Colleague: 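First, the structure itself, so that you have it in front of you.
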Amino acid sequence: MDTSLLYLIDLFGTAVFAISGVLLAGRLRMDPFGVIVLAGVTAIGGGTMRDIALGATPVFWIRNTTYLWDILITSVLTMLIVRKPKRIAWWILPVCDAIGLAVFVGIGVDKSLAYQDSSFVAIIMGVLTGCGGGIIRDMLAREIPMVLRSEVYATACIIGGLFHTLALYLGYSSSVALLSCISATLIIRLGAIRWHLSLPIFALNR
Amino acid sequence: MDTSLLYLIDLFGTAVFAISGVLLAGRLRMDPFGVIVLAGVTAIGGGTMRDIALGATPVFWIRNTTYLWDILITSVLTMLIVRKPKRIAWWILPVCDAIGLAVFVGIGVDKSLAYQDSSFVAIIMGVLTGCGGGIIRDMLAREIPMVLRSEVYATACIIGGLFHTLALYLGYSSSVALLSCISATLIIRLGAIRWHLSLPIFALNR
Amino acid sequence: MDTSLLYLIDLFGTAVFAISGVLLAGRLRMDPFGVIVLAGVTAIGGGTMRDIALGATPVFWIRNTTYLWDILITSVLTMLIVRKPKRIAWWILPVCDAIGLAVFVGIGVDKSLAYQDSSFVAIIMGVLTGCGGGIIRDMLAREIPMVLRSEVYATACIIGGLFHTLALYLGYSSSVALLSCISATLIIRLGAIRWHLSLPIFALNR
């Protein structure tokens with residue numbers, strides 16, 4: 001996969017995740033600074049935790065501040081434009097989010113394999129990159145993280161990570177592995193959105 | 001203390017902490033992935049924060065993935081087996097938890113002294129290793145961390161850490177210091193469970 | 001600015017932030033250990049996140065434990081002395097907090113510029129150092145972080161950071177830049193307290 005294309009999709013995913021933070025903030029009656037913080041945390045929280053756990057510091061957005069400008073501009077524009085979220089077709093955000101998610105997982109697996117060898121750890125880092133920001137966003141907003149409760153969200157990331165590491169294990173190039181990870185995550189996630197797939201819930205009787 | 005015995009108890013403590021995460025998740029109606037995340041966060045959250053603060057990155061479970069397999073297998077088995085937590089004798093989990101806690105505190109103090117010299121910091125790292133995972137678990141589950149509210153839990157860790165550093169200060173070997181830390185933490189915690197000991201609560205009249 | 005004076009104000013800010021943690025804990029009926037944890041998190045949480053993101057580990061309070069003693073002594077004294085917070089004049093805590101905040105922002109910007117070059121990142125690190133502890137404190141206490149919701153709090157930090165980096169850009173010495181940052185943050189924050197300034201809230205109609 002072309003590196004510059006991947007980078008562009010990464011910036012697109014960052015922007016989409018930032019928008020999801022802005023929209024949540026809009027329901028919580030935050031001031032503009034709070035909105036931007038929530039947008040930023042959603043967009044770069046996962047990658048930040050990945051880099052910190054790997055010891056890849058300073059974290060990625062300190063090395064390349066384009067991500068910060070991306071978030072700032074996206075957030076300000078979203079605040080200026082969006083007044084009636086109902087007018088947006090319901091499927092636009094989830095589909096963009098799925099694209100961002102898929103790219104984040106692929107980048108997370110890829111980057112972690114540059115720092116250590118374990119496929120297990122690489123898959124965890126992919127999931128963390130994809131889901132971590134949303135988890136912090138929900139914790140800040142005092143909600144039990146949606147990711148942990150339902151829908152095939154994190155599961156899509158895990159399967160994407162499995163495709164990635166399996167492809168590498170079978171000898172495919174890192175571009176092919178990355179592409180298979182992104183495709184698998186995206187397809188599963190889009191299917192889950194389309195058909196409202198959820199895993200069965202684990203509940204204990206007390 | 002025999003290193004391999006300590007390692008085995010460490011893996012046992014990790015498993016027990018994972019089970020406590022699974023049981024909490026079962027009350028929150030999470031999907032299986034959410035359950036495993038909550039189990040993992042409880043089991044390795046404290047040690048992860050310790051390693052990150054010390055700069056001991058990549059963190060311990062990236063260097064040795066046995067901890068991850070331990071958590072994964074324990075969580076899946078717990079989900080398959082446990083249906084009626086009421087049938088488990090009430091004291092089994094707290095006692096196992098106390099064993100895990102005591103070992104985690106000892107390991108936390110021990111490891112931090114390999115990275116810096118202060119006994120004060122070492123005790124904090126012991127408490128963080130023992131209590132940190134439970135604190136993140138409760139935050140994810142949207143509860144005020146139990147550790148901070150009552151029972152002689154963190155207090156047992158602090159006293160264990162004091163024993164550890166005092167023994168080293170008095171010239172005992174690191175094995176003896178570790179053993180005294182684990183014993184002190186365990187005995188105090190078991191006593192607190194048996195006699196329902198709590199510290200007096202600090203409350204302000206307003 | 002005299003380094004030793006800055007260090008003293010830093011310790012003063014740490015103590016004031018610790019007191020704000022103790023007072024919140026007093027409303028939540030925590031045990032003394034929980035109180036000290038909440039105090040510590042409030043006082044050093046922001047700087048800790050800054051150091052971790054920058055890769056400046058071990059974090060500052062591991063390198064210099066004076067901060068820890070500062071928090072411990074302040075927290076214990078506050079628990080012993082304060083019984084009726086109503087008797088304290090209402091403006092004393094916010095004004096002390098503003099002083100601590102201003103110094104923390106200046107130190108955060110200053111320290112981050114020793115590790116990387118971007119002014120954008122430096123301002124974020126200033127805001128993180130000033131506001132991060134309060135955000136973790138509120139998350140532990142299960143409240144939506146106050147900082148994100150209203151009052152010109154983080155905004156004061158951002159403007160302070162802008163003054164700091166602008167002064168450096170214009171060729172002033174780092175002492176002058178630091179002083180302008182601290183002054184700007186302090187004046188804006190005191191003004192916001194005095195006249196109850198808030199930014200307009202961003203709210204979405206659904």
Side-chain angles (χ1 to χ4, degrees), chain A residues 21-41 44-45 47-49 51-72 75-76 78-88 136-144, chain C residues 48-59 111-125 127-128 130-132 134-159 161 192 197-206:
Chain A
V22 172
L23 295 183
L24 178 62
R27 270 181 279 159
L28 295 173
R29 307 184 56 78
M30 290 183 167
D31 77 7
F33 169 79
V35 175
I36 291 171
V37 167
L38 212 64
V41 156
I44 57 178
T48 302
M49 291 198 288
D51 284 357
I52 289 172
L54 288 171
T57 51
V59 299
F60 71 99
W61 47 269
I62 293 181
R63 301 185 196 207
N64 177 359
T65 55
T66 310
Y67 294 97
L68 300 177
W69 289 108
D70 186 14
I71 293 165
L72 184 62
S75 303
V76 170
T78 309
M79 280 191 275
L80 292 176
I81 295 170
V82 179
R83 284 285 146 214
K84 308 256 182 207
K86 270 192 180 164
R87 293 218 190 129
I88 309 169
I136 307 181
R137 175 197 65 205
D138 290 349
M139 285 174 75
L140 278 171
R142 220 175 52 171
E143 304 192 350
I144 293 181
Chain C
T48 302
M49 290 197 290
R50 174 201 63 211
D51 285 357
I52 289 172
L54 288 170
T57 53
V59 299
K111 179 159 188 181
S112 72
L113 288 172
Y115 283 84
Q116 54 84 45
D117 292 325
S118 158
S119 297
F120 195 166
V121 170
I123 294 170
I124 290 179
M125 290 298 159
V127 176
L128 187 62
C131 303
I135 290 177
I136 307 181
R137 177 197 64 206
D138 291 349
M139 285 174 75
L140 277 171
R142 221 175 51 172
E143 304 192 351
I144 294 181
M146 208 195 60
V147 168
L148 304 180
R149 298 197 82 180
S150 58
E151 292 237 335
V152 179
Y153 196 96
T155 311
C157 304
I158 294 172
I159 297 173
L197 303 181
S198 287
L199 290 182
I201 279 170
F202 170 71
L204 288 174
N205 307 315
R206 285 173 68 86

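Just so you know, these numbers use all the heavy atoms, side chains as well, and skip hydrogens, waters and symmetry mates. Lettering follows sequence order; numbering is per chain, from 1. These numbers come from a predicted model, not from an experiment.
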Colleague: What part of A:Ile36 is in contact with chain C, defined as an atom under 4.5 angstrom from a non-hydrogen atom: side chain, backbone, both or neither?
Modeller: neither
Colleague: Find the distance between CZ (C:Phe120) and OG1 (A:Thr65) and round it off to the nearest 0.5 Å.
Modeller: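 These two atoms lie 7.5 Å from each other.
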Colleague: With sequence neighbours left out, what residues match C:Tyr115 under side chain to side chain donor-acceptor pair (under 3.5 Å)?
Modeller: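 Side chain to side chain donor-acceptor pair (under 3.5 Å) list for C:Tyr115, sorted by chain: empty.
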Colleague: How close do C:Thr155 and A:Phe33 get, counting heavy atoms only, and between which atoms?
Modeller: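 The pair with the smallest heavy-atom distance is OG1-CB, 4.4 Å.
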Colleague: Please round to the nearest 0.5 Å and tell me the distance separating atom CD1 of C:Ile136 and atom CG of A:Leu140.
Modeller: 10.0 Å
Colleague: Checking A:Ala25 against chain C: side chain, backbone, both or neither under 4.5 Å from a heavy atom?
Modeller: backbone
Colleague: For each of C:Ile124, C:Asp138, C:Thr57, C:Leu54, tally heavy-atom pairs with chain A at distances under 4.5 Å, and name the one with the top tally.
Modeller: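 Ranked by contacts with chain A, first place is C:Leu54.
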Colleague: Can you say whether A:Ile52 sits under 4.5 Å from chain C via the side chain, the backbone, both, or neither, judging by heavy atoms?
Modeller: side chain
Colleague: Please indicate whether A:Asn64 has more than 12 foreign heavy atoms, meaning atoms of other residues, nucleotides or ligands, lying under 6.0 Å from its CG.
Modeller: yes
Colleague: Considering only heavy atoms, which portion of A:Val59 lies under 4.5 Å from any heavy atom of chain C: side chain, backbone, both, or neither?
Modeller: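 The answer is both parts of A:Val59.
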